[in-house]
Amino acid sequence: MATKENKYPENVEGKYYVDDECIACDACVLAAPDNFSMDEDDGHAFVTTQPRSEDEEDLCREAMEACPVEAIGNDGES
Ligand code: F3S
């Protein structure tokens with residue numbers, strides 16, 4: 001379960017975030033490329049843009065569900 005305390009500083013401010021459990025599997029970036037991106041140097045994903053529409057919200061939710069290690073949080077919930 002993702003926790004706010006462990007979220008990466010690269011995450012843009014807002015409800016979705018990636019925490020330090022990320023194993024860089026890329027699923028979130030593939031599911032929601034407008035909202036998630038990979039920090040190739042550091043080997044983890046982060047949120048670049050919070051969802052701006054219902055469609056993006058759906059994709060972010062899909063990304064969260066697709067993450068195999070539950071490293072994506074939504075306002076502190078897993
Ligand atoms: Fe990392 Fe999960 Fe995305 S492992 S790359 S946060 S799908």
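Order of listing sets the numbers, starting from 1, for every ligand and every atom in it.
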Y17 side chain to N74 main-chain N or O, any donor-acceptor pair under 3.5 Å? no
Just by modelled atom types, is the V29 backbone N or O under 3.5 Å from a matching donor or acceptor in the D26 side chain?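 Side chain of D26 to backbone of V29: no pair is present.
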M38 heavy atoms, cut-off 4.0 Å: which ligand 1 atoms fall inside?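 Listed by number with element: 5 (S).
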Per-atom contacts of ligand 1 with V69, taking only distances under 4.0 Å to non-hydrogen atoms: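 That gives atoms 4 (S) of ligand 1.
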Return the set of residues passing side-chain hydrogen bond (donor to acceptor under 3.5 Å, both in side chains) with [X] (not counting sequence neighbours), or none when no residue passes.
X: D55; value: none
X: N35; value: E56
X: E21; value: none

Sphere of radius 2.8 Å around atom 3 (Fe) of ligand 1 - protein N, O or S atoms inside: C28 SG
Polar contact flag, side-chain donor to acceptor under 3.5 angstrom, E57-Y16: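 Yes, side-chain donor-acceptor contact under 3.5 Å.
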Would you say the side chain of N11 lies within less than 4.5 Å of the side chain of V18, judging by non-hydrogen atoms?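 Yes. Closest side-chain heavy atoms under 4.5 Å.
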How far is atom 4 (S) of ligand 1 from its nearest protein heavy atom, and which residue and atom is that? I23 N, 3.4 Å
